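Step one of this worksheet: look at the structure below.
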Amino acid sequence: MEETRQLVETITQGIQEKKGSNIVIADLTNIEGTICKYFIICQGNSPAQVEAITESVGDMAREQLSEKPSAIAGLENAQWVAMDYADVLVHIFLPDVREFYDLEHLWADAKLTHIPDLD
């Protein structure tokens, strides 16, 4: 569990490194039948920023924890990128796509932690 918490912190730093905003961590550990323990949801303001955040998260997790995602989906158009770290799923959205899918609402019974933007 400690390794998972470290991964969540490192991913959050990777997002902040590229000015990703509106970060929400959904703790799914007490919900039956979930595919992972945590969702980390954030947004970038352009496809280029979404790509930069994805790269930053991948680099930090690899360099600091030797963790690599088992899959990355959505980089082709970079409107919604999902990174799968088994216990942690990272979702990096453009604002309007995030609003449309509203993942926070889907997991409303999870404990949600809102991380303040750095600027």
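Heads up: numbering here begins at 1 and tracks the sequence. This is a predicted model, so every value here is computed, not measured.
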I need the Thr10 OG1 to Glu17 CD distance, nearest 0.5 Å.
12.0 Å

Where do Thr12 and Ile25 come nearest, in terms of heavy atoms and distance?
OG1-CD1, 3.8 Å

What pairs meet the salt bridge (charged side-chain N to carboxylate O under 4.0 Å, His left out) rule with one or both residues in residues 73-91, with sequence neighbours excluded?
Lys37-Asp87

If you group Ile, Leu, Val, Met, Phe, Trp and Tyr by side-chain heavy-atom gaps below 4.5 Å, do Leu7 and Met60 land in one group?
no

A side-chain contact here means heavy atoms from C-beta on lying under 4.5 Å apart; do Pro47 and Leu94 qualify?
yes

Please check if Ile23 and Leu118 belong to a single hydrophobic cluster, counting links between Ile, Leu, Val, Met, Phe, Trp and Tyr side chain heavy atoms closer than 4.5 Å.
no

All heavy atoms of Ile53 vs all of Cys42, minimum pair found to be CG2-SG, 4.3 Å

Looking at every heavy atom in both Leu28 and Phe39, which two are closest together, and how far apart are they?
CD1-CD1, 3.8 Å

Could you tell me which non-hydrogen atom of Ser56 sits nearest to which non-hydrogen atom of Lys18, and how far apart they are?
CB-CG, 3.5 Å

Trace of the side chain to side chain contact (heavy atoms under 4.5 Å, CB included) decision for Val57 with Tyr85:
CA-CA 11 Å; Val57 166; Tyr85 284 95; 4.0 Å; yes

Contacts of Glu51 meeting side chain to side chain contact (heavy atoms under 4.5 Å, CB included) (sequence neighbours excluded), chain-then-number -> Leu75, Ala78

Nearest heavy-atom contact between His91 and Ala82 is ND1-CB, 4.2 Å

Apply side chain to side chain contact (heavy atoms under 4.5 Å, CB included) to the pair Thr4 and Gln6, showing each step before the final yes or no.
CA-CA 5 Å; Thr4 304; Gln6 280 183 317; over 6 Å; no

Could you check if a side-chain atom of Gln64 sits within less than 4.5 angstrom of a side-chain atom of Gln13, using non-hydrogen atoms only?
yes

Atom pair CD1/CD of Ile11 and Glu67 - distance to nearest 0.5 Å:
8.0 Å

Side-chain touch Val50/Phe93, heavy atoms, less than 4.5 angstrom
no

Gln16 and Ile115: CA distance, side-chain angles, deciding distance, side chain to side chain contact (heavy atoms under 4.5 Å, CB included) verdict:
CA-CA 10 Å; Gln16 291 174 323; Ile115 307 295; 3.5 Å; yes

Which heavy atom of Asn45 sits nearest to which heavy atom of Pro95, and what is that distance?
OD1-CG, 3.9 Å

From CD1 (Ile40) to CD1 (Ile92), nearest 0.5 Å:
9.5 Å

Could you list the residues that satisfy side-chain hydrogen bond (donor to acceptor under 3.5 Å, both in side chains) with Trp107, not counting sequence neighbours?
none

Drop me the distance from Leu106's CG to Tyr101's OH, to the nearest 0.5 angstrom.
11.5 Å

Indicate yes or no for a side-chain donor-acceptor contact from Arg98 to the backbone of Trp80 under 3.5 Å, with no hydrogens or angles considered.
no

With side chain to side chain contact (heavy atoms under 4.5 Å, CB included) as the criterion, how do Met83 and Leu89 come out once you've worked through the C-alpha distance, each side chain's angles and the decisive distance to 0.1 Å?
CA-CA 6 Å; Met83 303 177 78; Leu89 277 177; over 6 Å; no

My understanding is that only residues two or more places apart in sequence, or in another chain, count here; which of them pass side chain to side chain contact (heavy atoms under 4.5 Å, CB included) with His105?
Asp102

Side chain to side chain contact (heavy atoms under 4.5 Å, CB included) partners of Asp59, counting only residues at least two apart
Glu55, Arg62, Glu63

Calculate, to the nearest 0.5 Å, the distance between atoms NZ and CG belonging to Lys19 and Asp117 respectively.
10.5 Å

Please enumerate all residues that pass salt bridge (Lys or Arg N to Asp or Glu O under 4.0 Å) together with Glu2, with sequence neighbours excluded.
Arg5

